[in-house]
2 protein chains.
Amino acid sequence: MLFAITPSGEEKSAAAMGMRRSFLAREIICQQGDTAECVYRLGHGVVMLYQILQDGRRQIVDVLDAGDYFGFGDGNVQDCFAETLTDCEITVWRIREAQSCPVWCEGFSRGVQRKLGAMHDHVTLLGKKTALERVSSMLMRLVRECAGRVCRGAPPSGYATRIHDLHMSRQEMADYLGLTLETVSRAISQLKRDGLIELPRPSQIVIKDPCRLCRLAVLH
Amino acid sequence: MLFAITPSGEEKSAAAMGMRRSFLAREIICQQGDTAECVYRLGHGVVMLYQILQDGRRQIVDVLDAGDYFGFGDGNVQDCFAETLTDCEITVWRIREAQSCPVWCEGFSRGVQRKLGAMHDHVTLLGKKTALERVSSMLMRLVRECAGRVCRGAPPSGYATRIHDLHMSRQEMADYLGLTLETVSRAISQLKRDGLIELPRPSQIVIKDPCRLCRLAVLH
DNA sequence: CGCGACCTTGATGATGATCAAACAACGTGG
DNA sequence: CCACGTTGTTTGATCATCATCAAGGTCGCG
């Protein structure tokens, strides 16, 4: 499904020409190696970006939330696959047109700058953290109340019963965290044994003790 | 040394207000936790970005070349230390002023987009590659002739005698690659034993067989 | 009910970390 | 110029974490 936004009036600028597209869960948006003509912005849903090496090893390099831009590379070719994890709303621009629009560029600059900071944190996770720290850090992404970095104050009342959806299989979490699915499973089991989390079902999680989880995650 | 560029006339645009600064090797440009008012662009030289966790673990999250922008975070606070590895020329902008200038934003967008693609590759390195592959990949950075990704054609004549400076200690390479200095040293020794490289001195390297090195690096 | 996909748990093994010592490079001062 | 100390690198021996291999368990669905 592909349709143009018809901007209501103040519409000269090429940047507003973005196309809205809807995707179901588990659809591929673009492929590593595609000629990179487009930039994307995730409006709603969850998307993962991954690279595949010749021998088949897969690394999930990022998991995107609403507001994130994607579609990068060396300028000519997409460097990643992008695949939806949930139903998604995505805006697509032709990169040449978008980049010539100042308003668009400013929003893009801020978005990509923020993303780059998040990538730095993920690099530190992959380079220095233990398996348990990695899994804890990933789960802390779910704790939005912690404002991304510092866990200030107590979690909101009722938080200890809130159910989060993970959206990823153990294999996908493993490919994201630089581990194997078994190691991810073991870490999750340990967190459950220690009472930090509960799993109503394998793909859902309740975070009973976000503060202790935050400490385990070592979010500098 | 700090002096303003005095733009000769077209003095309206905030973007032109960047300050040029010179740094010697091994100077710290900005610190993790600093309030993030500035964005930087490396004009000449080599800079590393690193994060430090509470317990002292250090991860070098990026090594920058001429043209790269840096100075990121969650919008308020620098997420990294930035330290020069060589003498450097750097341009500094107040982020608020710069971001309001369309011309600046366009250049920044492109730069950061390219950098994000490079970070994806580095995440894949950290998440999936073996020690030898990591070290080989790092050394391939030195082979500019390979255009970053694909090693097309033969290296230029005389390349097998060209001496590259590494600029980093074994410990720094290790902190960049998610390894220990011993493992880095062993990988380098193996590449030397196998005739892929030579080390006129520990901090200098000659790449005798860039094609074989490229294959070892598994640059997807 | 039974099949398939995914997850958990256990046993074993390999890669890279840690611990330790020798070696090389470099600068300083006698 | 050479002894000397400092710093960084290489190499070896051992260890731990996580990967691999394997089996059993849970859940959903035809």
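Residue numbers begin at 1 in each chain, while the letters A, B, ... track the order of the sequences.
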Please state how far atom [atom1] in [X] lies from atom [atom2] in [N], giving the value in whole angstrom units.
X: A:Lys128; N: C:dA17; atom1: NZ; atom2: C1'; result: 12 Å
X: B:Ile188; N: D:dT10; atom1: CD1; atom2: C1'; result: 11 Å
X: A:Leu181; N: C:dG10; atom1: CG; atom2: C1'; result: 14 Å
X: B:Leu166; N: D:dG8; atom1: CG; atom2: C1'; result: 14 Å

Show me the pairs that pass side chain to side chain donor-acceptor pair (under 3.5 Å) and involve residues 194-218 of chain A, at least two apart or across chains. A:Asp165-A:Gln204, A:Asp209-A:Arg212
Keeping to residues at least two apart or across chains, list the side chain to side chain donor-acceptor pair (under 3.5 Å) pairs with something in residues 34-50 of chain A. A:Tyr50-A:Glu83
Decide yes or no for A:Leu126 and B:Val123: does some side-chain heavy atom of the first lie under 4.5 Å from some side-chain heavy atom of the second? yes
Got B:Asp79 and B:Val61 here, is their nearest side-chain heavy-atom distance under 4.5 Å? no
Could you tell me, to 10°, how much the axis swings from one end of the helix from C:dC1-D:dG30 to C:dG30-D:dC1 to the other, five pairs per end? 30°
Parallel under 30°, tilted from 30 to 60°, perpendicular over 60°: which one fits the rings of B:Trp93 and B:Trp104? perpendicular
For nucleotides 21-26 of chain C, which of its nitrogen or oxygen atoms have a protein nitrogen or oxygen under 3.5 Å away, and what is each distance?
from: C:dC26; atom 1: OP1; to: B:Arg201; atom 2: NH1; distance (Å): 2.8

Could you report the tightest heavy-atom contact between B:Arg26 and B:His167, atom names first, then the distance? NH2-O, 3.0 Å
Is it true that A:Asp62 and A:Lys115 make a salt bridge, defined as a side-chain N closer than 4.0 Å to a carboxylate O? yes
Should the pair A:Asp175-B:Lys128 be classified as a salt bridge under the 4.0 Å nitrogen-to-oxygen rule? yes
Near DNA chain C, counting only heavy atoms under 4.0 Å, which residues of residues 189-199 of chain A show up? A:Ser189, A:Leu199
Show each protein N/O and nucleotides 16-20 of chain D N/O combination with a separation under 3.5 Å, one pair to a line.
from: D:dC18; atom 1: OP1; to: A:Ala131; atom 2: N; distance (Å): 2.8
from: D:dA19; atom 1: OP2; to: A:Thr180; atom 2: N; distance (Å): 3.3
from: D:dA19; atom 1: OP2; to: A:Thr180; atom 2: OG1; distance (Å): 3.2
from: D:dA19; atom 1: OP2; to: A:Thr183; atom 2: OG1; distance (Å): 2.5
from: D:dT20; atom 1: O4; to: A:Arg186; atom 2: NH2; distance (Å): 3.0

Which part of the nucleic acid does B:Ser169 contact within heavy-atom distance under 4.0 Å: base, sugar-phosphate only, or nothing? sugar-phosphate
